[in-house]
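The residues of the chain are indexed from 1 along the displayed sequence.
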Amino acid sequence: MKETSKRRIQAEETRDRIYKSAINLMKTKGYENFTVSEVCREAGVSVGSFYSYFVTKYDILVEIFKKADDYFKDVVEENLMKGNGLDEIVLYFRYYGTYINMTGTDLQKQLFSPKSKMYATKGRYMVELLRKVIARGQEIGDITSDMTTDEILELLLITARGVSFDWCVKDGEYDVISRIEDYTRKLTVILKP
């Protein structure tokens with residue numbers, strides 16, 4: 001039993017080392033400009049080890065978005081669905097801004113690419129959580145029903161992504177958390193019933 005646990009821990013450490021090396025290379029060279037061999041060299045593992053944990057280099061991008069979904073599942077969700085629907089939307093996007101800020105401009109710049117389809121992936125946890133927040137707000141009468149849940153969802157996500165993109169373009173020169181929260185508050189005016 002102890003040997004299995006030790007192997008599992010070593011496997012998790014190796015996977016994490018590979019992931020962090022890929023992130024470092026992505027930040028410095030750009031996603032398109034690093035190879036799996038370079039990741040392995042930086043992580044101190046064989047190319048075969050990379051493929052034990054990731055099928056392709058694209059799986060690193062998938063992992064980045066999975067970590068965002070995990071953050072919304074493990075940290076954000078427990079703090080939502082308790083108050084006014086419009087306030088919940090603002091709170092959601094405060095967490096969104098916090099996560100964007102934690103990942104930093106270098107990584108975010110790499111994620112804003114038409115080649116990355118992860119933003120449009122259906123069923124992502126963080127998007128579904130926001131959909132629930134909006135739907136609940138509409139059900140209890142805090143959010144307008146003049147727009148569908150999906151129309152509101154799209155409006156809010158496009159705005160937040162736009163702020164995130166602008167923050168990257170401006171090399172993080174302003175507080176992205178406050179800016180996303182401010183823009184979201186301004187949007188809630190049109191979302192009142």
Checklist entry - Just by distance, do the side chain of Trp167 and the backbone of Tyr174 share a donor-acceptor pair under 3.5 Å? => result yes
Next on the checklist: Under a 3.5 Å distance rule, please check whether Glu88 uses its side chain to pair with a backbone N or O of Gly83 as donor and acceptor.
Outcome noted: yes
Close side-chain approach of [X] to [Y], heavy-atom, < 4.5 Å:
X	Y	value
Leu153	Leu157	yes
Thr98	Tyr71	yes
Phe54	Tyr19	yes
Phe34	Tyr31	yes
Lys57	Val39	no
Thr159	Thr184	no

What I want to find out is whether [X] reaches [Y] closely enough, with some N-O distance under 4.0 Å, to be called a salt bridge.
X	Y	answer
Lys170	Asp166	yes
Asp142	Arg136	no
Glu13	Arg17	no
Lys29	Glu38	yes

Checklist entry - With a 6.0 Å cut-off on ring centres, are Tyr96 and Phe93 close enough? => result yes
Checklist outcome for this item: salt bridge (charged side-chain N to carboxylate O under 4.0 Å, His left out) with Asp182: of Arg179, Lys186, Arg185, only one passes, and it is Lys186
Distance check, rounded to the nearest 0.5 Å: [X] atom [atom1] versus [Y] atom [atom2]?
X	Y	atom1	atom2	value
Glu42	Leu25	CD	CG	4.5 Å
Asn101	Asp175	CG	CG	6.5 Å
Ile18	Ile23	CD1	CD1	12.5 Å
Lys109	Cys168	NZ	SG	6.5 Å
Arg161	Ile180	CZ	CD1	11.0 Å
Met102	Ile177	CE	CD1	9.0 Å

Only one of [options] forms a side chain to side chain contact (heavy atoms under 4.5 Å, CB included) with [X], so which one is it?
X	options	answer
Ile152	Val133, Ile143, Leu130, Ile190	Ile143
Met126	Tyr95, Phe65, Tyr92, Tyr99	Tyr92
Thr188	Asn84, Leu86, Asp87	Leu86

Checklist entry - Is there a donor-acceptor contact under 3.5 Å linking the side chains of Thr103 and Gln108? => result yes
Checklist entry - Should Leu156 and Ile134 be marked as a side-chain contact (heavy atoms from CB on, under 4.5 Å) after you check the CA-CA gap, both sets of side-chain angles, and the distance that decides it? => result CA-CA 10 Å; Leu156 292 167; Ile134 296 165; 3.9 Å; yes
Checklist entry - Testing Lys66, Lys67, Lys73 for side-chain hydrogen bond (donor to acceptor under 3.5 Å, both in side chains) with Asp70, which one passes? => result Lys66
Item to check | side-chain hydrogen bond (donor to acceptor under 3.5 Å, both in side chains), paired with Glu128, selected from Lys132, Arg124, Arg131 | outcome: Arg131
Item to check | same_hphob_cluster(Leu129, Leu155) at 4.5 Å side-chain heavy-atom cutoff | outcome: yes
Item to check | Same cluster (ILVMFWY, side-chain, under 4.5 Å), Ile100 and Val75 | outcome: yes
Checklist entry - Given the rule in the side-chain contact (heavy atoms from CB on, under 4.5 Å) test, do Asp16 and Glu12 qualify, once you have shown the distances and angles that lead to the verdict? => result CA-CA 6 Å; Asp16 189 51; Glu12 288 172 9; over 6 Å; no
For a quick test of reading the model, state the closest non-hydrogen atom pair linking [X] to [Y] and the distance between them.
X	Y	value
Glu181	Val90	CG-CG1, 3.7 Å
Gly97	Val176	O-CG1, 3.7 Å
Gly141	Pro193	O-CG, 3.0 Å
Ile60	Met26	CG2-CE, 3.8 Å
Leu191	Met147	CD2-SD, 4.1 Å

Item to check | Criterion side chain to side chain donor-acceptor pair (under 3.5 Å) on Ser49 and Ser46, from CA distance to verdict | outcome: CA-CA 5 Å; Ser49 290; Ser46 69; 3.2 Å; yes
Checklist entry - Counting heavy atoms not belonging to Glu151, are there more than 12 under 6.0 Å from its CD? => result yes
Checklist entry - Heavy-atom count around Tyr183 OH within 6.0 Å, excluding the residue itself: above 12? => result no
